[in-house]
Number of protein chains: 2
Amino acid sequence: MARKSSRSTSFDVAALAGVSQSAVSRAFTTGSRIADETRTKVLEAALKLNYVPNSIASSLTTKRTNIVALIIGNLDNPFYVHVLHTFSRRLQEQGRQVLIFTVEPNSESDEAIMHLLKYQVDGVVLTAAQLSTRMISLCHDRGIPIVLFNRYIPGSDASGVRCDNVAGGALIAEAFLAAGAKNFALITGDLKGTTSQDRVRGFVGRLLEGGVKRTRIVEVEGHSSYEGALNATAKLFRDQNRVRPDALFGVNDIMAMAAIDALRHRIGLRVPEDLMVGGFDDIPEGRRLPYQLTTVRQPIEQMVDETLQLLHLDDPTEPIPRGIDRPIKGRLIWRNTIPVPLSHRWTEPEIQS
Amino acid sequence: MARKSSRSTSFDVAALAGVSQSAVSRAFTTGSRIADETRTKVLEAALKLNYVPNSIASSLTTKRTNIVALIIGNLDNPFYVHVLHTFSRRLQEQGRQVLIFTVEPNSESDEAIMHLLKYQVDGVVLTAAQLSTRMISLCHDRGIPIVLFNRYIPGSDASGVRCDNVAGGALIAEAFLAAGAKNFALITGDLKGTTSQDRVRGFVGRLLEGGVKRTRIVEVEGHSSYEGALNATAKLFRDQNRVRPDALFGVNDIMAMAAIDALRHRIGLRVPEDLMVGGFDDIPEGRRLPYQLTTVRQPIEQMVDETLQLLHLDDPTEPIPRGIDRPIKGRLIWRNTIPVPLSHRWTEPEIQS
DNA sequence: CATAGTAGTGCATGCGCATGCATAGTGAGC
DNA sequence: GCTCACTATGCATGCGCATGCACTACTATG
């Protein structure tokens with residue numbers, strides 16, 4: 001047999017160290033009652049045998065796997081890559097592992113849930129994907145906390161952390177108004193998702209307060225992609241009879257960037273001279289020289305922290321938080337795609353590389 | 001106790017179905033000897049109890065977790081995000097799970113290995129990160145196959161799949177020569193990595209064959225990042241006394257894109273009129289309107305397939321492949337940053353969205 | 001009708017570790 | 001010197017499932 005796995009067990013180590021198997025177990029468990037001397041002896045033996053404790057086996061008794069599942073629906077958007085990265089880093093710092101499930105953008109993740117249930121994960125984070133309430137109760141029944149990231153299911157008892165998208169959308173509307181825009185348009189992804197919905201609502205709502213009655217809304221086919229937004233922008237300017245917008249809100253940064261590209265390279269308009277553009281997310285790509293996108297920053301670090309807190313990973317006896325909705329305020333980052341009105345000049349400048 | 005995990009076991013199901021626990025186990029194991037009638041009975045009972053088999057427990061006996069670890073060192077580069085995505089999709093299709101470890105770009109991943117050993121993963125894929133030979137033998141000794149993706153460790157017995165970077169670099173050099181360039185420069189990340197090294201080698205080598213004796217090489221500080229390449233490009237054009245290059249090879253697409261941005265927005269040069277630029281990877285971002293980057297496409301799908309084959313996930317009795325190096329040829333994608341010479345006009349055109 | 005063969009099932013056991021309980025050992029306090 | 005309190009350790013057991021083996025009830029064959 002070629003793949004003879006010479007994995008030594010706690011018994012092997014115990015034998016070499018001249019102690020019992022329980023002693024080996026305790027040596028590897030912090031906060032266990034064991035003499036320093038014994039622990040040293042055990043660790044030395046373990047080192048000799050290349051022994052590594054089998055977490056799988058230990059989780060059988062402890063009922064904790066230290067694995068957190070992350071369901072992610074859109075890796076095409078750098079924002080969610082950043083989210084993934086942040087979760088991964090944080091959880092690794094805590095000595096936990098990340099089991100990842102990728103699903104189609106905005107598609108059902110019920111199947112993924114079934115898989116991760118088999119692995120007895122300690123918690124689930126779901127982002128950029130849908131979930132049936134049946135699955136949520138399935139998790140809850142088994143004591144597995146699940147937190148939605150930047151998404152919520154109205155009326156369900158799933159908890160979630162998200163950016164305050166309504167307020168964020170309003171931020172962009174305000175910036176446009178302050179910069180003196182008159183005709184407004186926005187490009188959004190699938191309006192079935194609460195995230196897009198809220199941003200649109202916040203944007204349109206704030207404009208209404210400002211006396212603007214009409215906003216052109218173009219819904220991209222499929223999910224919020226660069227290509228979709230490219231076509232949507234073209235469509236927006238195809239009809240020559242309509243009033244040309246002078247302010248365009250891309251409901252997330254990639255769509256805003258796509259719009260900018262389309263405006264410059266296809267339509268032949270300048271940004272922000274002919275038309276100002278606002279985004280949402282603050283992905284690093286938006287900071288680059290050709291874009292310098294004015295946008296709403298989602299405080300990822302803080303959102304991830306809140307999410308992990310809701311998971312109660314450290315104290316499984318805590319009741320699973322149900323129906324909690326934690327909206328977190330974003331912040332407007334002034335860059336170059338919306339002219340900064342005089343009244344805003346005092347805003348702290350951002351250091352650019 | 002709030003988190004009363006009401007997880008039912010195979011015994012509960014057995015009791016309800018009026019069979020033995022082994023029957024339940026067999027009902028969930030494909031290819032097991034069990035009457036259809038019994039299986040149906042079991043599955044019905046399981047459904048009633050919301051029973052989901054505990055993979056953790058089963059892996060204790062089967063010695064297979066169906067978990068594959070993926071160590072990834074650079075999520076800032078969309079190329080590796082794409083790689084991650086492809087692996088995830090493929091493995092999920094096979095009913096396997098992905099345990100992800102993110103490490104700092106090009107840093108040691110020994111610690112990650114220690115963690116994943118605890119989880120008895122069935123295989124390891126490592127990309128954009130370093131690994132000590134000690135760790136490789138540690139994995140091999142325990143029967144865990146490990147495959148390097150786009151990276152190799154000369155003289156070690158770790159196997160790897162990679163793009164043929166030497167040939168790829170040569171492809172760009174050829175394109176430059178065919179387009180009539182005279183003065184060449186390149187921007188690369190850390191030259192300790194074999195990937196950058198090979199691309200540079202291939203590029204410079206081909207130029208030498210073409211009679212070009214000098215190539216300016218700028219090594220970015222740190223890893224291959226957008227920001228690094230931005231500075232490197234600036235540096236490249238700072239010295240007015242030197243001959244200005246008319247062809248610039250960005251050793252990967254983000255660096256090439258950064259170079260283009262810097263040239264246009266900082267230096268004030270046109271691409272490709274004043275200076276042609278070639279990239280490597282073919283990330284989707286490079287196809288966008290402002291860039292239309294001519295680049296070498298890495299065949300990700302094929303590379304992932306080869307990697308999974310080397311892992312022998314389906315047949316653990318296969319000997320672990322050692323010291324195998326599978327270079328896979330990339331393909332030049334003509335777009336707009338290198339003028340297409342007349343002699344190449346016949347190349348199949350790419351459909352652009 | 002006798003026998004060999006086969007499909008279906010249950011029993012018992014073990015995977016590697018954690019942990020409650022019992023026990024041995026140590027030192028302090030009277 | 002004796003008891004008490006406490007620490008360190010070992011023993012035995014169970015976590016949830018897979019699987020070798022034994023056993024039963026059939027079917028096919030001569």
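Scope of the values below: all heavy atoms of this structure, side chains included, with no hydrogens, waters or symmetry mates.
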Check against side-chain contact (heavy atoms from CB on, under 4.5 Å), Arg151(A) and Leu126(A): CA-CA 8 Å; Arg151(A) 182 149 305 244; Leu126(A) 180 134; 4.3 Å; yes
Less than 3.5 Å apart, any donor N or O on the side chain of Asp110(B) or Ser132(B) sitting next to an acceptor on the other? yes
Could you give the start and end, 5' to 3', of the contact zone on DNA chain D for chain B, using atoms under 4.0 Å from its heavy atoms? dG16(D) to dG20(D)
Kindly check if the number of other-residue, nucleotide or ligand heavy atoms within 6.0 Å of CD (Glu111(B)) is above 12? no
Option passing side chain to side chain contact (heavy atoms under 4.5 Å, CB included) with Val13(B) (candidates Val19(B), Val24(B), Leu47(B)): Val24(B)
Would you classify Thr9(A) as touching base, sugar-phosphate or nothing, given that sugar-phosphate means primed atoms plus P, OP1 and OP2, and contacts are heavy atoms under 4.0 Å? sugar-phosphate
Would you say the side-chain atoms of Thr102(A) and Gln92(B) include a donor-acceptor pair closer than 3.5 Å? yes
Phe11(A) or Val52(B), whichever maps to the more 5' nucleotide of DNA chain D: Phe11(A)
Salt bridge flag under 4.0 Å for residues Asp12(B) and Lys48(B): no
So what does Thr62(A) touch, heavy atoms closer than 4.0 Å: a base, only the sugar-phosphate, or nothing? sugar-phosphate
What is the distance from atom CG of Leu70(B) to atom OG of Ser88(B), rounded to the nearest 0.5 Å? 8.5 Å
Take Phe87(A) and Ile100(B) through the test side-chain contact (heavy atoms from CB on, under 4.5 Å) and record every step on the way to the result. CA-CA 11 Å; Phe87(A) 270 112; Ile100(B) 201 173; over 6 Å; no
Within a reach of under 6.0 Å around CD of Gln94(B), are more than 12 heavy atoms found that belong to other residues, nucleotides or ligands? yes
Close N or O pairs between protein and nucleotides 25-28 of chain C (under 3.5 Å):
none

Indicate yes or no: does Asp314(B) engage Arg96(B) in a salt bridge with an N to O separation below 4.0 Å. yes
Collect all protein-nucleotide pairs involving nucleotides 6-9 of chain C in which both atoms are nitrogen or oxygen and the distance is under 3.5 Å.
unit_1	atom_1	unit_2	atom_2	d
dG8(C)	N7	Arg33(B)	NH2	3.2
dT9(C)	OP1	Thr38(B)	OG1	2.2
dT9(C)	OP2	Ala35(B)	N	2.8
dT9(C)	OP2	Thr38(B)	OG1	3.0

